[in-house]
Amino acid sequence: EPEVTQTPSHQVTQMGQEVILRCVPISNHLYFYWYRQILGQKVEFLVSFYNNEISEKSEIFDDQFSVERPDGSNFTLKIRSTKLEDSAMYFCASSEGRVDYEQYFGPGTRLTVT
Amino acid sequence: KNEVEQSPQNLTAQEGEFITINCSYSVGISALHWLQQHPGGGIVSLFMLSSGKKKHGRLIATINIQEKHSSLHITASHPRDSAVYICAVGEYGNKLVFGAGTILRVKS
């Protein structure tokens with residue numbers, strides 16, 4: 001069964017550094033998402049991406065964040081100048097359509113900022 | 001802005017019991033998702049529904065659009081059902097709003 005994959009599974013970085021989280025969505029899916037979950041809190045929407053552009057983003061997704069689909073398979077989330085409060089689990093998801101389609105989640109990347 | 005409330009927050013059941021988890025939301029939606037999060041953190045989609053009822057194995061999900069309410073039922077619960085169950089709603093766009101989750105523990 002096709003699945004969403006994410007790398008790395010765990011990333012430790014120092015405050016102020018840039019990190020890139022990588023995702024490979026399911027190949028025939030058209031919509032891609034990033035979510036984050038701070039330990040002990042709800043999952044939060046960050047951004048959705050369709051047709052090579054951002055289709056919606058949350059208040060959290062400010063200039064510190066960017067997304068890119070550099071080739072036909074990868075979908076990346078870049079976090080510039082990381083802060084302690086960026087420590088969280090980051091989930092990538094993909095779907096065939098918008099929110100009324102089932103979303104398939106990757107296993108997550110645990111980001112720890114020290 | 002949609003508010004998604006789940007109840008109960010925590011639920012402990014004996015193996016074999018029938019379990020119900022509830023979700024209510026405040027604003028009209030295009031779809032509601034039930035997700036399962038395992039202790040390791042991974043999230044699995046259980047159901048996506050916009051009306052009526054869906055069944056998959058021992059899991060049943062229902063939604064009442066007029067009352068802005070959904071329920072997830074687990075019949076003949078088993079310890080392997082122990083997980084966090086999350087309700088999330090889609091608001092006619094590209095964004096899901098998540099509930100806080102219900103922590104379910106099924107004891108043998």
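Convention: sequence-line order gives letters A, B, ...; per-chain numbering from 1.
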task: Please lay out, stage by stage, how B:Phe98 and A:Tyr35 fare under the test ring-ring contact (aromatic ring centres under 6.0 Å, His included).
output: CA-CA 10 Å; B:Phe98 292 77; A:Tyr35 300 96; 5.2 Å; yes

message: With side-chain contact (heavy atoms from CB on, under 4.5 Å) as the criterion, how do A:Gln37 and B:Gln37 come out once you've worked through the C-alpha distance, each side chain's angles and the decisive distance to 0.1 Å?
response: CA-CA 12 Å; A:Gln37 186 176 34; B:Gln37 186 168 32; 2.8 Å; yes

- request: Tell me, with the steps shown, if A:Phe105 and B:Val44 meet side-chain contact (heavy atoms from CB on, under 4.5 Å).
  value: CA-CA 7 Å; A:Phe105 288 77; B:Val44 174; over 6 Å; no

task: Could you check B:Ser45 against A:Gln103 for side-chain contact (heavy atoms from CB on, under 4.5 Å), going step by step and ending with a plain yes or no?
output: CA-CA 7 Å; B:Ser45 175; A:Gln103 293 193 14; 6.0 Å; no

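Side chains of A:Tyr33 and B:Leu96 form no contact here, defined as non-hydrogen atoms less than 4.5 Å apart. By the 4.5 Å heavy-atom criterion applied to side chains, B:Val97 and A:Phe45 are not counted as neighbours.
Heavy-atom distances place no part of B:Ser50 under 4.5 Å from chain A, backbone and side chain included. There is no contact between B:Leu32 and chain A, counting heavy-atom distances below 4.5 Å.
Per-residue counts of heavy-atom pairs under 4.5 Å with chain B were compared for A:Arg110, A:Glu102, A:Gln41; the largest is that of A:Glu102. In terms of non-hydrogen atom pairs under 4.5 Å with chain A, the most contact-rich of B:Gly41, B:Ala88, B:Gly42 is B:Gly41.
Counting non-hydrogen atoms of neighbouring residues, nucleotides and ligands closer than 6.0 angstrom, the CD atom of B:Glu67 reaches no more than 12 such neighbours. Within a 6.0 Å radius of NE2 in B:His56, other residues, nucleotides and ligands contribute 12 heavy atoms or fewer.
From A:Asp100, atom CG reaches atom CG of B:Leu49 across 12.0 Å, with rounding to the nearest 0.5 Å. Put simply, NZ on B:Lys95 and CD on A:Glu44 are 10.5 Å apart, with the number rounded to the nearest 0.5 Å.
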